[in-house]
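Owing to the predicted nature of the structure, the values given are computational and were not obtained by experimental measurement.
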Amino acid sequence: MVEAQSWTTRRNSNPRLESYPDQVLDIPATPTGEERNGGVSSSFLSPNLLTAAIIGSWYFSNIGVLLLNKYLLSIYGFRYPIFLTMLHMLSCAAYSFIAIRWLEFVPFQQILSRRQFMKIFALSVIFCFSVVCGNTSLRYLPVSFNQAIGATTPFFTAIFAFLIICKKESAEVYLALLPVVLGIVLASNSEPLFHLFGFIICVGSTAGRALKSVVQGIILTSESEKLHSMNLLLYMAPMAALILLPLTLYIEGNVLAVTIEKSKGDWFIVFLLIGNATIAYLVNLTNFLVTKHTSALTLQVLGNAKAAVAAVVSVLIFRNPVTVMGMTGFAVTVMGVVLYSEAKKRSKITAH
């Protein structure tokens, strides 16, 4: 959801200070939890095993929240996607506060101006739109098809970057986007459980994710306003919850009373909602940890593979029908995303 940024700071120093490869700053990094505890964790896990465990947790949380959302909204019959998204935001706000203020995973950063607050609020609105649309689409589409559509995010990112900031990519990058679009066309035409409304809102969710990444790059690039990803989530999550509260009350009725009444006869719903909200936060936490222990490029590669893994797991669990043409379309889309990533990497090397 939120892209991580790598930077080091010294306790009691300016939290917005960043170190770049071309600058030499004699600033010690903030001690990690393992270092503050005398290196206890390192005695149990080698660096390679720790990285593998973090990547495994990232896969588990990403795929787990997708499958739980699908189960709740489609199979279990809890048809309140806006309320579910609001629970996710409340969970992210609470866990982010604990992780930053108590556990000190990263240094705490404050909002410094009304202008910065309004920028974060704008991101929260886009964030809400994307997540609500994504969760709602799971009521109508199988996870496999949802992931196929979600894989087209680079296509929308390139479009918004061109329309908003007039950023032009190389011809190789644009050509790599052709199989991304072709694959989703093939998958859509052959999807046995195709639902037009579900397809439209899933495309809206994908476009919203792309728009958020572009807008975030624009409005938080100032050195005085740049926030660490976990601090950004700390502020965005409660704002998003406040935005979603009137929407869920207006659109989904007295959903809280309905949920309480439902829990009286079935306590499993309480377990599902708490577990779902907790895993929703773990998606963001593990996203940050994977980037910290590997790189943003590795996260991108893992993300490409995650869509395919999630699709396969969902088919095995929910037994939704698939066709050869649908699988081919999905494979073409993923291949296009891989080609796009490679083309972007080469264009950056050429530019430098």
Side-chain angles (χ1 to χ4, degrees), residues 1-5 33 54 57-70 72-73 78 80-111 116-117 119-136 138 150 205 208-209 211-213 215-216 220 226-248 252 255-256 259 270-292 299 303 306:
M1 289 182 190
V2 183
E3 292 182 341
Q5 304 166 11
I54 290 172
S57 300
W58 183 80
Y59 264 84
F60 170 80
S61 58
N62 273 270
I63 297 175
V65 77
L66 272 171
L67 298 180
L68 273 177
N69 285 345
K70 176 64 178 178
L72 275 166
L73 296 168
F78 188 81
Y80 305 107
I82 301 177
F83 179 71
L84 184 64
T85 305
M86 188 181 73
L87 289 182
H88 289 179
M89 296 302 101
L90 291 173
S91 170
C92 287
Y95 285 124
S96 294
F97 182 84
I98 294 171
I100 295 174
R101 299 310 299 267
W102 291 358
L103 301 180
E104 298 181 345
F105 279 2
V106 296
F108 172 67
Q109 295 173 278
Q110 293 182 337
I111 296 179
Q116 186 183 24
F117 174 86
K119 290 179 177 181
I120 297 173
F121 181 79
L123 276 178
S124 300
V125 172
I126 301 173
F127 186 54
C128 284
F129 172 80
S130 175
V131 178
V132 169
C133 285
N135 286 342
T136 305
L138 290 172
S205 172
R209 274 198 307 273
L211 178 61
K212 176 184 168 292
S213 66
V215 173
Q216 182 174 327
L220 290 177
K226 189 175 292 185
L227 291 173
H228 188 279
S229 61
M230 293 186 72
N231 278 280
L232 182 58
L233 180 65
L234 174 65
Y235 292 118
M236 283 178 56
M239 289 183 190
L242 289 175
I243 294 170
L244 293 171
L245 178 59
L247 290 176
T248 188
E252 297 177 339
V255 60
L256 183 59
T259 304
V270 178
F271 170 78
L272 283 175
L273 291 176
I274 294 176
N276 182 263
T278 300
I279 295 176
Y281 171 72
L282 291 178
V283 170
N284 294 276
L285 177 61
T286 54
N287 186 83
F288 158 68
L289 291 175
V290 168
T291 306
K292 178 182 177 182
L299 183 67
K306 185 264 296 179

Asks: What are the two closest non-hydrogen atoms of A277 and L87, and how far apart are they?
Replies: CB-O, 3.9 Å
Asks: When you look at CZ of F121, are more than 12 heavy atoms from neighbouring residues, nucleotides or ligands closer to it than 6.0 Å?
Replies: no
Asks: Could you tell me whether the side chain of Q109 and the main chain of K226 form a donor-acceptor pair under 3.5 Å?
Replies: yes
Asks: Please report the shortest heavy-atom distance between I279 and G64, naming the atom on each side.
Replies: CG2-C, 4.4 Å
Asks: Indicate yes or no for a side-chain donor-acceptor contact from K70 to the backbone of L138 under 3.5 Å, with no hydrogens or angles considered.
Replies: yes
Asks: Return yes if some donor-acceptor pair links the side-chain N/O of S205 with the main-chain N/O of V131 below 3.5 Å, else return no.
Replies: no
Asks: To check you understand the geometry: which heavy-atom pair defines the closest contact between F129 and G208, and what is its length?
Replies: CD2-CA, 4.4 Å
Asks: Give, for atom CG of L282 and atom CG of N287, the distance between the pair rounded to the nearest 0.5 Å.
Replies: 12.0 Å
Asks: So, do M89 and I243 sit near enough that their side-chain heavy atoms are less than 4.5 Å apart?
Replies: no
Asks: Counting C-beta onward and ignoring hydrogens, is there a side-chain heavy-atom pair between H228 and F108 closer than 4.5 Å?
Replies: no
Asks: If every non-hydrogen atom of S229 is compared with every non-hydrogen atom of F288, which pair is closest and at what distance?
Replies: OG-CD1, 4.2 Å
Asks: Testing the basics here: between Y281 and A99, what is the closest heavy-atom pair and its distance to 0.1 Å?
Replies: OH-CB, 3.4 Å
Asks: Give a yes or no answer on whether the side chain of T248 reaches the backbone of L245 with a donor-acceptor pair at less than 3.5 Å.
Replies: no
Asks: Is N231 reaching over with its side chain to a backbone N or O of P107, donor-acceptor style, under 3.5 angstrom?
Replies: yes
Asks: Just verifying a value: how many Å separate I120 CD1 and Q216 CD, rounded to the nearest 0.5 Å?
Replies: 10.0 Å
Asks: Are any side-chain N or O atoms of T259 and backbone N or O atoms of V255, one a donor and one an acceptor, separated by less than 3.5 Å?
Replies: yes
Asks: Whether the side chain of S130 engages the backbone of I126 through a donor-acceptor N/O pair (distance < 3.5 Å, no angle test) should be reported.
Replies: no
Asks: Is there side-chain contact between V283 and H88, with heavy atoms separated by less than 4.5 Å?
Replies: no
Asks: Quick one: are V215 and K119 in side-chain contact, heavy atoms under 4.5 Å?
Replies: no
Asks: For residues L256 and F83, report the shortest heavy-atom separation together with the two atoms involved.
Replies: CD1-CZ, 4.3 Å
Asks: Considering only heavy atoms from C-beta outward, does the side chain of Q116 approach that of L227 to under 4.5 Å?
Replies: yes
Asks: When rounded to the nearest 0.5 angstrom, what is the spacing between CG in L67 and CG in L72?
Replies: 11.0 Å
Asks: Could you check F78 against L273 for side chain to side chain contact (heavy atoms under 4.5 Å, CB included), going step by step and ending with a plain yes or no?
Replies: CA-CA 10 Å; F78 188 81; L273 291 176; 4.0 Å; yes
Asks: Distance from S61 atom OG to K306 atom NZ, nearest 0.5 Å?
Replies: 9.5 Å
Asks: Hey, what do you get for OG (S124) to CG (L233), rounding to the nearest 0.5 Å?
Replies: 9.5 Å
Asks: How long is the straight-line distance from CZ of F97 back to CG of L103, given to the nearest 0.5 Å?
Replies: 11.0 Å
Asks: With side chains defined as the heavy atoms from C-beta onward, is the minimum distance between L285 and F105 less than 4.5 Å?
Replies: yes
Asks: Check whether any side-chain heavy atom of F127 lies under 4.5 Å from a side-chain heavy atom of M239, and answer yes or no.
Replies: no
Asks: Does some side-chain heavy atom of L73 sit less than 4.5 Å from a side-chain heavy atom of T136?
Replies: no
Asks: Give a yes or no answer on whether the side chain of N276 reaches the backbone of L272 with a donor-acceptor pair at less than 3.5 Å.
Replies: no
